[in-house]
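Structure, as structure tokens:
We're numbering straight along the sequence, starting at 1. Quantities reported herein were computed from a predicted structural model and do not represent experimental measurements.
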Amino acid sequence: MTDPSALGNGAAPFDAAPFDAVPFDAVPFDAVPEWTATVVGHHRLRHDVAVIRLIGEFVPFAAGQSVEVTVPRQPGVRRRLSPALPPSLDGKLEFHVRAVPGGWLSGHLVAETEPGDEWRISAPAGSFHVDPAGDDVVMIAGGTGLAPMRAMILELARRPEPPRTYLFVGGRSPRDLYGADMLTLLAGELPWLTVIPVVDNTEDPHWTDEWYERSRVDIGFSQDELLQGSLADVIGSHGAFTSHQVLVCGSPGMTRSTVDRLIETGTPADRIQVEGL
């Protein structure tokens, strides 16, 4: 069976020991609220995207939450990132980072992170979540907004009867869907998961992304699978999600436009959860 936690594009599988073997209340309330983890893998998948993997102390977060990170080369700068794996007792963490123009830390993380770097992790926070016993789920992820969705999907995969889940994942062009191979494998292994790839343009830009060329594989979405348009437009074309758990994660502009379109087309506001990057 294919490891559903694997992110391809040259990045090897990274199994996480199930967190739900130990309840949250097993973590003492007076524990030091900061943990350390060491970078064991830095996989640059696009010119502006990297997957960073760490192993360290157990961090008591919930799938879908974000944590605050501090890195050695920028000790005075903190940034919130959402883990792409559910919490694990063996201390494995994974983050998907996109370099933001003008971003001091994000550009550094994508280009300069090295194995052996020690990160400080703190302040798990957020209410982004899926009720595993609840209604069907619609996830809408733009760019690296995929990370918390993936964590929650892998958490659901531990359940005996997960809710039917539809993941809309968006990018500017096909190669912007950096997790295409992983998502194709994941959907093949999980019969309750449907992945819908959405792109603004069905053709990639003419300029060469050397990191994409280095990491490209033969597994991914075909042209026939791609829906063209913005995530907001594609979601709007599906009408109201009145009996679904709806989760939206991405850039501020993407989340605003998508939530606006959801409400315009009849999805109740109290059905929508939002996490901005």
Which residues share a side-chain contact (heavy atoms from CB on, under 4.5 Å) with Ala147, sequence neighbours left out: Ala84, His96
Pair Arg80 + Glu275: basic N to acidic O under 4.0 Å: no
Closest contact, heavy atoms only, Val195 versus Ala187: CG2-CB, 4.0 Å
Arg79 to Trp119 six-membered ring, cation-pi geometry met (6.0 Å, 45°): no
Salt bridge (Lys or Arg N to Asp or Glu O under 4.0 Å) partners of residues 95-107, not counting sequence neighbours, each pair once: Asp48-Arg98, Arg98-Asp176
Arg164 and Thr194 side chains, donor-acceptor separation under 3.5 Å: yes
Trace of the side chain to side chain contact (heavy atoms under 4.5 Å, CB included) decision for Val274 with Thr258: CA-CA 10 Å; Val274 182; Thr258 301; over 6 Å; no
Trace of the side chain to side chain contact (heavy atoms under 4.5 Å, CB included) decision for Ser230 with Asp200: CA-CA 5 Å; Ser230 69; Asp200 294 334; 4.2 Å; yes
Min side-chain heavy-atom separation Thr267-Ile235 under 4.5 Å: no
Leu185/Glu189 under side chain to side chain contact (heavy atoms under 4.5 Å, CB included): CA gap, chis, key distance, verdict: CA-CA 6 Å; Leu185 294 173; Glu189 293 291 342; 5.6 Å; no
Asp218 atom CG, neighbour heavy-atom count above 12 within 6.0 Å: no
Considering all heavy atoms, the nearest Pro174-Asn201 contact: CD-O, 3.3 Å
Close side-chain approach of Leu167 and Leu146, heavy atoms under 4.5 Å: yes
pair Pro197-Leu226: side-chain heavy atoms closer than 4.5 Å: yes
Per-pair distances, 0.1 Å, donor-acceptor, side chain in residues 239-247, under 3.5 Å, sequence neighbours excluded:
unit_1 : atom_1 : unit_2 : atom_2 : d
Gln245 : OE1    : Asp131 : N      : 2.8
Gln245 : NE2    : Asp131 : O      : 3.1
Gln245 : NE2    : Asp135 : O      : 2.8

Heavy-atom side-chain proximity of Pro87 to Val59 below 4.5 angstrom: no
Side chain to side chain contact (heavy atoms under 4.5 Å, CB included) assessment of Asp117 paired with Ile52: CA-CA 11 Å; Asp117 287 351; Ile52 301 169; over 6 Å; no
Polar side chain donor-acceptor pair, Ser222 to Asp224, under 3.5 angstrom: no
